[in-house]
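Here's the structure, in structure tokens; my notes come after.
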Protein chains: 2
Amino acid sequence: MIRLSRLADYAVVLMSHVAAAKTEVHNAVDIAAATGLPAPTVSKVLKALAHRGLLVSQRGARGGYALARGAHAITVADIVSAIDGPIALTHCLKSGAGACEVEQGCPSRSGLNRINTAIRSALEAVTLADVSTPMPALPSRAVAGPEMRAQP
Amino acid sequence: MIRLSRLADYAVVLMSHVAAAKTEVHNAVDIAAATGLPAPTVSKVLKALAHRGLLVSQRGARGGYALARGAHAITVADIVSAIDGPIALTHCLKSGAGACEVEQGCPSRSGLNRINTAIRSALEAVTLADVSTPMPALPSRAVAGPEMRAQP
DNA sequence: GCTAACAGGACCAAATTGGTCCTGTATGGC
DNA sequence: GCCATACAGGACCAATTTGGTCCTGTTAGC
């Protein structure tokens with residue numbers, strides 16, 4: 001089902017929570033309590049996000065995490081790739097060209113690659129600010145325009 | 001990494017192979033040999049594809065599989081959802097609204113849902129015929145148009 | 001100096017996935 | 001009419017991956 005890993009899903013929720021009140025620093029246990037997610041796992045995800053530069057961390061007493069940039073400068077692609085690594089549909093595409101051991105039967109790579117870039121663009125098009133807004137009239141028509149057809 | 005399951009990946013390759021010479025019926029072991037994939041697994045995938053109506057099967061001696069429709073009438077979304085079930089990014093979205101147990105911390109659902117539809121559109125935009133063509137000048141500009149922005 | 005909180009691991013448990021195999025059934029050829 | 005071939009539909013096992021927990025530093029405030 002083209003699954004996003006659960007940790008990546010958590011990451012989006014956590015980032016969204018931090019973005020909701022960006023003036024304050026939030027510590028890991030508070031965020032975990034607010035979101036209802038298991039605290040050690042939340043801590044792990046936050047550490048990864050800080051490591052990738054999406055959050056800034058303040059150590060010591062009264063420490064915590066805050067957004068490194070504005071919410072509109074962080075895309076969902078940033079968050080997902082921070083947790084799950086590079087965004088790729090298949091192992092072939094992830095490992096780069098030539099790494100596919102059954103390449104003889106893979107004329108489909110170009111088509112899949114096309115889909116891959118489309119998905120990446122979709123993730124890059126939505127920022128954390130978009131995600132945080134409750135329900136902004138949902139312009140579903142604009143999500144995937146008719147220009148997306150592969151062969152115009 | 002937003003992974004497609006390996007079986008779904010196989011399915012695209014197999015369908016592409018069958019589409020390459022659609023006049024003939026292909027049996028499972030031949031397809032497996034041609035693609036270099038493990039035969040029992042290929043058989044399993046083909047059975048699933050036939051069950052979902054993407055392939056028609058002919059039982060008995062000289063039997064095999066053939067495309068149920070033309071290659072341009074089968075989208076990658078059809079193939080993927082035949083193997084992996086409905087296309088959804090998160091468990092929440094897959095299970096429908098209200099099924100999320102941490103819904104209190106999920107104002108992000110609308111944004112993720114937007115991404116979800118974008119990805120589904122991307123998969124629906126590419127047909128098996130597109131995938132089968134070796135490398136059709138690759139109009140990468142047209143893959144994800146600027147109209148895809150969430151907030152125009 | 002003490003406590004609170006992050007950093008960075010190691011590590012285990014469990015769920016999912018991928019792969020194999022077996023039995024039945026239908027079909028075509030001899 | 002019989003037999004070989006090939007799909008149908010399961011059960012089932014193995015292994016990779018993922019999610020979750022915990023422990024030991026280290027830093028910063030009070």
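For clarity, every value in this text was computed on a predicted model and none was experimentally measured.
- The side chain of A:Lys44 sits closest to D:dT21 out of C:dA7, D:dT21, D:dA8.
- Residue B:Ser5 places none of its side-chain N or O atoms closer than 4.0 Å to OP1 or OP2 of C:dT16.
- Rounded to whole angstrom, the span from the CG atom of A:Leu14 across to the P atom of D:dG19 amounts to 13 Å.
- Taking every side-chain heavy atom of B:Ala61 into account, C:dG28 is the closest of C:dG28, C:dG8, D:dG9.
- Across the protein-nucleic acid pair, A:His51 atom NE2 and C:dA7 atom C1' stand 10 Å apart, rounded to whole Å.
- Considering only side-chain atoms of B:Lys47, the nucleotide from D:dA8, C:dA7, D:dG19 that sits closest is D:dA8.
- Annotation for B:Arg62 and B:Val25: closest pair O-CG2, 4.1 Å, computed over non-hydrogen atoms.
- Without hydrogens or angle criteria, A:Ser43 side chain to A:Ala39 main chain gives no donor-acceptor distance under 3.5 Å.
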For this session: Verify side chain to side chain contact (heavy atoms under 4.5 Å, CB included) between B:Leu14 and B:Leu37, making sure each step is shown before the conclusion.
Result: CA-CA 9 Å; B:Leu14 297 177; B:Leu37 302 176; 4.1 Å; yes
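- Nucleotide C:dA4 holds its C1' atom 12 Å from the CG atom of A:Asp30, rounded to whole Å.
- The minimum heavy-atom distance between A:Ala125 and A:Asp130, with the atom names listed, is O-OD2, 3.9 Å.
- Here C:dT20 presents its P atom at 11 Å from CG of B:Leu7, a figure rounded to the nearest Å.
- Regarding B:Asn27, its CG atom lies at a distance of 16 Å from the C1' atom of C:dA26, rounded to whole Å.
- Between B:Pro40 and A:Ser43, it is A:Ser43 whose nearest contact on DNA chain C lies nearer the 5' terminus.
- With rounding to whole Å, B:Arg52 atom CZ is found 17 Å from D:dG9 atom C1'.
- Comparing D:dG29, D:dG19, D:dC7 by their nearest atom to the side chain of A:Arg6 picks out D:dG19.
- Comparing atom distances between the B:Ala50 side chain and each of D:dA8, C:dG18, D:dG19 picks out D:dA8 as nearest.
- In this structure, A:Pro38 and B:Gln58 both approach DNA chain D, and ranking their closest nucleotides by distance from the 5' end singles out B:Gln58.
- Taking all atoms of both residues into account, the shortest heavy-atom contact from A:Val42 to A:Ala28 is CG1-O, 3.8 Å.
- No engagement by B:Leu46 is indicated, since no non-hydrogen atom pair under 4.0 Å with the nucleic acid exists.
- Under 4.0 angstrom from either OP1 or OP2 of D:dA6 there lies no side-chain N or O belonging to B:Ser57.
- Summarising the geometry, the separation between CG on B:Leu49 and C1' on D:dC7 is reported as 14 Å, rounded to the nearest angstrom.
- For the OP1/OP2 pair of D:dG20 and a distance below 4.0 Å, the side-chain nitrogens and oxygens of A:Tyr10 include at least one atom meeting the criterion.
- Counting only heavy atoms from C-beta on, A:Thr41 has its side chain closest to D:dT21 among C:dT20, D:dT21, D:dC7.
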Exercise. What's the verdict on side chain to side chain contact (heavy atoms under 4.5 Å, CB included) for A:Arg120 and A:Asn116, showing C-alpha distance, side-chain angles and the deciding distance?
Worked result: CA-CA 6 Å; A:Arg120 196 172 312 162; A:Asn116 206 48; 3.0 Å; yes
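- Relative to the side chain of B:Arg59, the nucleotides C:dC6, D:dG20, C:dG24 differ in distance, and C:dG24 lies closest.
- Whole-Å rounding puts the B:Arg62 CZ to D:dA6 P distance at 9 Å.
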